[in-house]
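One structure below.
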Amino acid sequence: MSVFSKEIILGAGCFWCTQAVFDNIKGVIHTEVGYTGGKANPNYESVVNGDGNIEVAKIKYNEKQISLEKILEIFLKIHDPTSKDKQGADEGVQYRSAIFYQDNNDFKIISNFLQNAQKNYIKPIATQVAKLEIYYKGEEYHQDYFKKNPKQAYCRFVITPKLEKLANIASFSF
């Protein structure tokens with residue numbers, strides 16, 4: 001990683017959606033989908049069957065171009081952080097809202113950000129915040145799924161509207 005490069009791991013429901021959104025954000029260098037938070041050596045089938053892992057996106061970003069706070073702001077806008085184990089029609093522990101940090105300084109930023117963001121929600125924010133223990137890269141067919149399959153029904157009806165919603169928010173730069 002370069003001097004200005006950092007990583008954060010985000011669980012915001014379907015990892016295809018999270019990756020597609022962050023692929024379009026200025027300052028994000030690279031994204032990748034994978035799993036964390038459950039049993040060792042997961043694969044998509046084990047995750048779907050409830051092995052405790054979360055579908056996540058690893059976001060590598062240039063902190064000179066985008067702050068962790070801006071990434072967290074986007075994260076909150078693309079999913080419901082008050083929903084436990086469910087995002088839209090996707091239901092199960094693999095869809096829980098989560099932030100996995102690697103840098104202890106990021107924990108303070110994340111905690112303060114979520115505490116301040118709570119005033120914008122009636123229900124309590126249910127986002128899990130934890131230090132990353134281990135990350136498993138997802139299968140190749142899941143990487144860049146939206147880019148490879150933009151006309152697929154899930155992509156058109158779930159991911160595209162998320163991208164359009166962000167495009168309509170003036171404070172976001174793609």
Side-chain angles (χ1 to χ4, degrees), residues 1-44 47 51-85 87 93-121 124-140 142-146 162-163 166 169 171-174:
M1 263 194 287
S2 77
V3 176
F4 304 120
S5 175
K6 293 193 72 172
E7 287 181 350
I8 194 79
I9 312 294
L10 302 175
C14 170
F15 54 13
W16 297 341
C17 296
T18 309
Q19 181 179 43
V21 166
F22 283 97
D23 275 345
N24 288 288
I25 302 298
K26 184 179 179 186
V28 171
I29 300 164
H30 179 74
T31 63
E32 177 182 285
V33 298
Y35 315 106
T36 194
K39 294 180 182 172
N41 303 310
N43 59 41
Y44 187 70
V47 172
D51 71 1
N53 280 287
I54 305 169
E55 288 189 15
V56 294
K58 181 191 290 187
I59 312 299
K60 183 177 177 182
Y61 63 99
N62 181 330
E63 65 182 338
K64 294 291 184 185
Q65 293 182 313
I66 187 169
S67 66
L68 178 56
E69 291 90 347
K70 184 57 98 174
I71 287 173
L72 296 172
E73 183 182 341
I74 296 166
F75 169 72
L76 292 185
K77 292 204 181 297
I78 63 170
H79 82 299
D80 178 0
T82 68
S83 180
K84 185 174 179 353
D85 300 343
Q87 292 297 319
V93 296
Q94 70 270 28
Y95 300 117
R96 68 188 178 267
S97 176
I99 302 168
F100 294 92
Y101 62 92
Q102 299 170 58
D103 179 337
N104 287 332
N105 293 325
D106 289 348
F107 176 72
K108 189 181 286 187
I109 293 168
I110 295 163
S111 297
N112 288 337
F113 183 87
L114 291 176
Q115 185 177 2
N116 289 331
Q118 181 59 62
K119 68 181 179 241
N120 299 317
Y121 297 91
I125 291 176
T127 302
Q128 172 188 352
V129 178
K131 185 152 189 157
L132 181 68
E133 291 184 24
I134 192 161
Y135 166 85
Y136 300 94
K137 182 178 179 180
E139 296 82 357
E140 194 55 40
H142 287 298
Q143 304 301 327
D144 299 310
Y145 191 85
F146 179 73
K162 286 180 187 268
L163 294 173
L166 281 178
I169 299 171
S171 64
F172 291 104
S173 54
F174 291 90

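By convention here, the first residue in the shown sequence is residue 1.
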| Are any of the side-chain heavy atoms of Y95 and D85 separated by less than 4.5 Å? | no
| NZ/K26 to CG/N62 distance, rounded to the nearest 0.5 angstrom? | 10.5 Å
| query | Looking at CD1 of I109 and CG of N104, how far apart are the two atoms once the value is rounded to the nearest 0.5 Å? | reply | 11.5 Å
| field | Heavy-atom pair of closest approach, residues S97 and F75 | value | OG-CZ, 3.7 Å
| note | Between D103 and K6 the two heavy atoms that sit nearest each other are OD2-NZ, 3.2 Å
| said: Using 0.5 Å steps for rounding, measure from the OG atom of S5 to the CD1 atom of I29. | reply: 4.0 Å
| query | Can you tell me how far the NZ atom of K70 sits from the CZ atom of F113, to the nearest 0.5 Å? | reply | 9.0 Å
| field | Test applied, side chain to side chain donor-acceptor pair (under 3.5 Å); reference residue, R96; option that passes from Q128, E55, Q87 | value | Q128
| Any V56 side-chain heavy atom under 4.5 Å of V33 side chain | no
| P81 side chain near Y121 side chain, heavy-atom distance below 4.5 Å | yes
| request: Please report the shortest heavy-atom distance between Y101 and D106, naming the atom on each side. | output: CB-CB, 4.1 Å
| field | Over 12 non-hydrogen atoms of neighbours within 6.0 angstrom of NZ in K131 | value | yes
| query | Can Q94 and Y35 be counted as having a side-chain donor-acceptor contact under 3.5 angstrom? | reply | no
| query | Yes or no on side-chain contact (heavy atoms from CB on, under 4.5 Å) for N120 and L76, after CA distance, side-chain angles and deciding distance? | reply | CA-CA 11 Å; N120 299 317; L76 292 185; over 6 Å; no
| task | Over all heavy atoms of both residues, which pair between I74 and F22 is shortest? Give the atoms and the distance, please. | result | CG2-CZ, 3.6 Å
| Roughly how far apart are F4 CZ and E63 CD, rounded to 0.5 Å? | 7.5 Å
| said: Any donor-acceptor pair under 3.5 Å linking the side-chain atoms of Q19 with those of E32? | reply: no
| query | Can you check whether K137 reaches Q143 side chain to side chain, under 4.5 Å on heavy atoms? | reply | yes
| query | Is T31 reaching over with its side chain to a backbone N or O of D23, donor-acceptor style, under 3.5 angstrom? | reply | no
| query | Out of curiosity, K119 NZ to I125 CD1, how far, rounded to the nearest 0.5 Å? | reply | 10.5 Å
| said: Could you go through L114 and I99, starting from their C-alpha distance and side-chain angles, then the distance that decides it, and tell me whether this counts as side-chain contact (heavy atoms from CB on, under 4.5 Å)? | reply: CA-CA 11 Å; L114 291 176; I99 302 168; 4.1 Å; yes
| field | Nearest non-hydrogen partners of Y136 and A40, listed with the distance | value | OH-CA, 3.3 Å
| field | Beyond-backbone contact of Q65 with V28, side-chain heavy atoms, under 4.5 angstrom | value | no
| query | Between I54, L10, I8, which is the residue that forms a side chain to side chain contact (heavy atoms under 4.5 Å, CB included) with F100? | reply | I54
| Mind checking whether Q102 and I9 have side chains closer than 4.5 Å, heavy atoms only? | yes
| said: Minimum heavy-atom separation for A12 and T18, please, with both atom names. | reply: CB-OG1, 3.6 Å
| message | According to ring pair (Phe, Tyr, Trp, His ring centres under 6.0 Å), who are the partners of Y145, at least two apart in sequence or on a separate chain? | response | W16
